[in-house]
Amino acid sequence: MGFHTFDSDRADKLEDPTRFAYCSVDELLALVGAPAELRVAEIGSGTGFYTDEIAPYLSAVHAVDVQAAMHDRYRAKGVPENVELVTAEAADLPFADGELDAVVSTFTYHEFASESALAELARVLDSGGHVGIADWSAEGLEESGPPTSERFAATDAVDAFETAGFAVDRADERRETFVLAGRAP
């Protein structure tokens with residue numbers, strides 16, 4: 001496992017509404033509390049599939065993706081006014097210390113999971129800021145998503161976040177995915 005990205009040539013697959021079976025918009029917002037005034041970044045935003053869905057409930061969202069091609073796809077379909085596109089790696093975010101209130105990631109944690117990325121999330125989040133992760137689980141059935149060999153189990157994610165200083169409030173394994181909710185140091 002390690003840093004890799006979803007092939008932008010296959011980006012149309014990211015617009016599949018059946019993805020909501022694995023994490024609904026309401027669940028994603030609930031992972032971070034999501035009052036409208038939160039300063040939120042979605043790490044690994046891709047074509048903006050989840051960003052579009054959470055944007056109406058927030059004053060501003062930073063859609064962060066390492067691939068400029070994903071932002072190009074997002075621009076082509078239309079970006080909401082309250083969404084800023086940010087091209088950056090999770091381990092090198094262009095935000096000031098404590099600038100964000102929450103970070104979410106939908107089905108991309110396995111792509112950026114590293115000590116340096118979690119340290120960067122801790123840096124850019126305000127003390128006590130929320131993190132919400134929904135990702136494919138190594139314990140999953142491999143019905144969808146990447147091979148289980150490229151995934152993490154919820155317990156692995158909990159260990160990584162706690163090692164990085166986060167308090168983990170919730171971590172649940174499901175049939176194919178896991179969710180994690182935590183707070184920055």
Check whether any side-chain heavy atom of [X] lies under 4.5 Å from a side-chain heavy atom of [Y], and answer yes or no.
X	Y	result
F112	V66	no
L28	I54	yes
V104	V131	no
L180	V158	yes
R151	E142	yes
H62	V40	no
R39	D126	yes
F166	L121	yes

Distance-minimising heavy-atom pair for [X] and [Y]:
X	Y	answer
A88	V64	O-CG1, 3.7 Å
A134	V179	CB-CG1, 4.0 Å
D135	T108	OD1-N, 3.6 Å

Report the distance from atom [atom1] of [X] to atom [atom2] of [Y], rounding to the nearest 0.5 Å.
X	Y	atom1	atom2	answer
Y109	S137	OH	OG	12.0 Å
E120	L93	CD	CG	4.5 Å
Q67	S45	CD	OG	10.0 Å
C23	F178	SG	CZ	11.0 Å
H130	L29	NE2	CG	12.5 Å
Y22	T177	OH	OG1	8.0 Å

Is a donor from one side chain sitting under 3.5 angstrom from an acceptor on the other, for [X] and [Y]?
X	Y	value
E42	S105	no
D52	Y74	yes
H110	E150	no

Mark yes or no for whether [X], through its side chain, and [Y], through its backbone, hold a donor-acceptor pair below 3.5 Å.
X	Y	result
D65	M70	no
R123	L118	no
H71	V86	yes

Subject >> Worked verdict on F49 versus F107 for ring-ring contact (aromatic ring centres under 6.0 Å, His included) >> reply: CA-CA 11 Å; F49 180 77; F107 308 109; 9.4 Å; no
Original post:
Any chance the rings of F152 and W136 have centres within less than 6.0 Å?
Top reply: no
**OP:** Show your reasoning for whether salt bridge (Lys or Arg N to Asp or Glu O under 4.0 Å) applies to R183 and E162.
**Re:** CA-CA 10 Å; R183 287 171 285 113; E162 287 179 343; over 6 Å; no
Original post:
Got a sec: does the CD of E143 have more than 12 other heavy atoms crowding it under 6.0 Å?
Top reply: yes
**OP:** For salt bridge (Lys or Arg N to Asp or Glu O under 4.0 Å), just list the numbers for D172 and R174, CA-CA rounded to whole Å, side-chain angles, deciding distance to a tenth of an Å, and then say yes or no.
**Re:** CA-CA 6 Å; D172 300 319; R174 287 114 52 112; over 6 Å; no
